[in-house]
Amino acid sequence: MTHHFLKIATWNINSVRARLPLLLAWLQQHKPDVLMLQEIKCEHAVFPFLEIEAMGYTALVHGQKSYNGVAILSTHPIQEKSRSLISEDNEPARFLCAEIEGVDCMNIYAPNGNPRMDDAGLTEKFRYKLRWYAALVADVQQRLSQHRAVVLAGDYNIIPEAVDAANAAAWEGDALYVPEVRKQWRHLMNLGLYDAWRTLHGTQQAYTFWDYQAGAFQRDDGIRIDHFLLTPSLADRLENCTIHREMRAKEKASDHVPVMISLGA
DNA sequence: ATGCCCTTCAGCGAAGGA
């Protein structure tokens, strides 16, 4: 079986319009085959198609006004497979799946889930995060039963382990780190998926998000919450995984940075 | 101590993020 060499990236861009110059410069420099964007924060009608298509990319957009929104950019032929994960009314735009070169590229922007508790107990926001992850696990399971090659990438809003935070103790009780949520991560891993960063870099500490507040980046008080999970045949092709930390130091930076993998032919 | 910051929409603050 022959494959295409593929560079696939993910980036929670925190508004594609506010970040367009940074996005175009990054694409020009790194030229990924595929880029999964989260938090584009716009509807399809105002997505910057012209500028992105001028760089040789086709854009598949699942937009929403003001909040959320995901998109997949590709230099290869792209076929949409799904944009719904959880069959509830008013589903926010947090999911988009497309087939590219025989790979199911699943772009996720998981619910944050905070605040986790209020006076009445677990909040609806937190319960929704758990339901959303249950639906994601079921969707991935379905694709695995069909022997699909799957790249599951995006903003998971999960700190998998203590090593994935500069100060794990500060995240105790937070919806990104509580045991119930880390258990959802383990459910995914136990389906047989490989964390691209962990696979290549072991327990080396690296972060993909630093809060805008309190000089978090200057203090390197970050967390690793943007991830690539791969099915085994794709993990076998994994050549590298890079976290583009330098993007956090730019003017008008997103609070997340790009993560990129290379898959061998 | 979810306040610090940033984005959107719609105004001259609120909501949401993580």
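Every chain is numbered from 1 and lettered A, B, ... according to where its sequence line falls, protein lines coming before strand lines.
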Mind checking if R17(A) touches a base, just sugar-phosphate, or nothing, with heavy atoms under 4.0 Å?
sugar-phosphate
Centroid separation under 6.0 Å, is that true for the rings of H30(A) and H244(A)?
yes
Could R224(A) and F209(A) be counted as a cation-pi pair, given that NZ or CZ must be under 6.0 Å from the ring centre and within 45° of the axis?
no
Taking only side-chain nitrogens and oxygens of R19(A), does any of them come within less than 4.0 Å of OP1 or OP2 of dT7(B)?
yes
Using a heavy-atom cut-off of 4.0 Å across all strands, would you classify D255(A) as base, sugar-phosphate, or nothing?
nothing
Over all strands shown, is N68(A) touching base, sugar-phosphate only, or nothing at heavy-atom distances under 4.0 angstrom?
nothing
Among dT8(B), dG17(B), dT2(B), the one nearest A18(A) by side-chain distance:
dT8(B)
Nearest to the side chain of N14(A) - dA18(B), dT7(B), dC4(B)?
dT7(B)
Integer-rounded Å distance: dA18(B) P and Y207(A) OH:
19 Å
Touch class at under 4.0 angstrom, heavy-atom based, for N12(A) against every strand present:
sugar-phosphate
Is the NZ atom of K81(A) crowded by more than 12 outside heavy atoms at less than 6.0 Å?
yes
Please compare K252(A) and I225(A) by the position of their nearest nucleotide in DNA chain B and report the one closer to 5'.
K252(A)
Send over the distance from D221(A) CG to dC4(B) C1', rounded to a whole Å.
13 Å
State whether a side-chain donor-acceptor pair under 3.5 Å links N14(A) with S254(A).
no
Value in whole Å for how far the P atom of dG16(B) lies from NZ of K129(A)
17 Å
Can you check the distance between dC12(B) and dT2(B), where both ends of the measurement are the C1' atom (answer in whole Å)?
25 Å
Over all strands shown, is Y109(A) touching base, sugar-phosphate only, or nothing at heavy-atom distances under 4.0 angstrom?
sugar-phosphate
Looking at H256(A), I'd like to know whether one of its side-chain N or O atoms comes within less than 4.0 Å of OP1 or OP2 on dA18(B).
yes
Just checking R94(A): base, sugar-phosphate only, or nothing, at a heavy-atom cut-off of under 4.0 Å?
sugar-phosphate
OP1, OP2 of dC6(B) versus side-chain N and O of S15(A): anything below 4.0 Å?
no
Can you tell me how far C1' of dA10(B) sits from NZ of K65(A), to the nearest Å?
10 Å
Reckon N157(A) has a side-chain N or O less than 4.0 Å from the OP1 or OP2 of dA18(B)?
yes
Salt-bridge criterion met for D174(A) and R116(A) (N-O under 4.0 Å):
no
Taking the side chain of Y67(A) as heavy atoms from C-beta outward, which of dA18(B), dG16(B), dC4(B) is closest to it?
dG16(B)
Does a side-chain N or O from K125(A) land closer than 4.0 Å to OP1 or OP2 of dG17(B), or not?
yes
